There are 2 protein chains.
Amino acid sequence: MINIFLEYLKDKFPITEEELEMLSQVCTVKKLRRRQYLLQEGDVWQKNAFVAKGVLRTYRVDEKGTEHIIQFSIENWWAGDRQSYHSGLPSAFNIEALEDAEIVLIPKADFDRLQIEIPKFGEFTRALLERSFIASQNRIHASISYSAEEKYADFIKTYPDITNRIPQHMIASYLGISPETLSRIRNQIAKK
Amino acid sequence: MINIFLEYLKDKFPITEEELEMLSQVCTVKKLRRRQYLLQEGDVWQKNAFVAKGVLRTYRVDEKGTEHIIQFSIENWWAGDRQSYHSGLPSAFNIEALEDAEIVLIPKADFDRLQIEIPKFGEFTRALLERSFIASQNRIHASISYSAEEKYADFIKTYPDITNRIPQHMIASYLGISPETLSRIRNQIAKK
DNA sequence: CAAAACTCTTGATATTTATCAAGAGTTTAA
DNA sequence: TTAAACTCTTGATAAATATCAAGAGTTTTG
């Protein structure tokens with residue numbers, strides 16, 4: 001599984017064999033069965049997690065007990081809680097495997113150090129962060145601008161690879177609409 | 001105005017006089033009258049903008065002509081369009097002054113170079129990006145989880161300094177609710 | 001300073017979306 | 001392999017929110 005991660009890195013930016021070795025030495029692999037948790041609310045998140053296989057969801061539970069999905073993560077994506085990572089405070093999130101998954105983990109201390117020791121790696125993670133931010137800005141735009149139907153259309157267009165791997169009611173949760181409403185929207189679309 | 005920016009930097013991370021000089025040499029100041037634009041849809045954004053004075057709003061216009069406010073920026077905040085900045089493509093955003101404003105501008109080429117030449121500056125802008133991302137995650141959470149009333153309560157709690165400086169209907173636009181609904185929400189809150 | 005533009009409110013009504021409830025089909029797991 | 005859990009759909013109804021329209025203050029600007 002670590003090889004998948006190393007291939008990913010090689011594909012993303014120029015990196016020497018020696019640097020790959022430095023990175024692989026700090027990696028560990030965590031296997032998750034469906035419905036197992038990578039992070040649970042209240043725990044502090046102090047690592048970086050690369051999804052080599054499987055699907056994860058990151059969600060919060062509100063006072064009424066309703067779950068709200070903040071993010072899905074599939075192969076070649078990252079997962080985690082940046083807020084807890086940087087603040088050292090307990091996380092408000094849960095990260096759960098929706099399929100059996102294999103995750104490459106790098107402890108915070110090693111990750112932060114290697115970003116300096118391997119400048120290209122530091123640049124890469126920064127570019128990743130830039131893109132994550134842009135994606136979240138786009139999601140905000142969709143969220144304040146679109147109707148429920150438009151939000152769903154935008155989702156399946158933006159994340160076609162995720163759409164078919166997760167239950168429909170979780171897409172509804174991600175979009176902030178009720179599962180019944182999403183079901184009816186799909187019904188309407190099908191009729192056209 | 002450049003001094004305000006330099007004071008801001010000194011306050012945020014350790015920086016030498018020489019480094020401050022390097023930065024100040026690439027800064028220019030742009031004065032904006034109320035309702036003037038810093039960026040207009042279709043233009044390419046290739047700079048960094050620090051708000052020394054005033055309030056800006058960043059918004060998009062949808063097909064129906066409705067404006068949706070993506071962000072407000074007040075003193076000591078940054079404004080811009082990261083998507084256009086990194087892609088070199090025309091921006092979909094407009095950035096407009098809501099009060100007379102003074103903006104410190106740094107061209108992309110200089111900014112990117114100085115991040116490397118002044119490592120602490122690079123670290124600082126990265127931390128800034130991390131915090132922006134976390135803030136946008138929180139906004140997404142509010143957007144998919146809260147009722148209109150809760151969104152408004154969250155906004156005035158999170159951004160008390162902005163609340164009183166901008167028209168109410170623009171807060172509604174930022175939250176993705178209609179101005180009439182916000183007016184009624186405030187009316188209800190006042191009755192309690 | 002007077003007209004125009006902007007801002008907020010309020011009422012009436014329409015539309016969108018949520019909630020509650022039940023049932024059918026699937027998948028999961030003891 | 002069968003009961004339990006999960007998933008999706010559909011109907012009835014309720015609640016939240018948007019839209020349209022008008023009017024009263026306020027601010028801006030020529």
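Below, chains carry the letters A, B, ... as their sequence lines are ordered, and counting in each starts from 1. Just so you know, these numbers come straight off a predicted model, no measurement behind them.
Under the 30°/60° scheme for interplanar angles, the aromatic rings of A/F5 and A/Y8 are found to lie parallel. Between A/F13 and A/F121, the ring planes lie tilted relative to each other; the angle falls in the 30° to 60° range.
Between the CD1 atom of B/I177 and the P atom of C/dT16 there is a distance of 18 Å, rounded to whole Å. Atom-to-atom, CG of A/L182 to C1' of C/dT17 comes out at 12 Å; the value is rounded to the nearest Å. Counting to the nearest Å, the P atom of D/dA18 and the CD1 atom of A/I144 are 12 Å from each other. Here D/dC6 presents its C1' atom at 10 Å from CE of A/M170, a figure rounded to the nearest Å. Here the C1' atom of nucleotide D/dA18 and the NE2 atom of B/H68 are 13 Å apart, to the nearest Å. Rounded to whole angstrom, the span from the CD1 atom of A/I166 across to the P atom of D/dT7 amounts to 11 Å. Rounded to a whole Å, the NZ atom of B/K64 is 11 Å from the P atom of D/dC20. Here D/dT9 presents its P atom at 11 Å from CD1 of A/I171, a figure rounded to the nearest Å.
Minimum atom distance to the side chain of A/Q168 is reached by D/dT9, of the listed C/dT9, D/dT9, C/dT28. Nearest to the side-chain atoms of A/R34 among the listed nucleotides D/dT19, C/dT28, D/dT17 stands C/dT28. Of the candidate nucleotides D/dC20, D/dT7, C/dT9, D/dT7 has the atom nearest to the side chain of A/H169. Closest contact between the side chain of B/N187 and the listed nucleotides C/dT10, D/dT10, C/dC8 involves C/dT10. Listed nucleotides D/dC8, D/dT19, C/dT9 differ in distance to B/R186; the shortest reach to its side chain belongs to C/dT9.
Positionally, the nearest nucleotide of DNA chain D for A/R35 lies more toward the 5' end than for the other of B/K151 and A/R35. Nearer to the 5' terminus of DNA chain C, by closest-nucleotide assignment, is the contact made by B/R184 (compared with the other of A/T181 and B/R184).
Within 3.5 Å, no donor on the side chain of B/E180 pairs with an acceptor on the base of C/dC8, nor the reverse.
Checking B/Y152 against B/R186 by side-chain atom types alone, a donor-acceptor pair falls below 3.5 Å.
Closest non-hydrogen pair, B/R34 versus B/D100, comes out as N-OD1, 2.7 Å.
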Given B/K10 and B/E7, is the salt bridge (charged side-chain N to carboxylate O under 4.0 Å, His left out) satisfied, shown in steps?
CA-CA 5 Å; B/K10 275 202 259 185; B/E7 286 302 317; 3.5 Å; yes

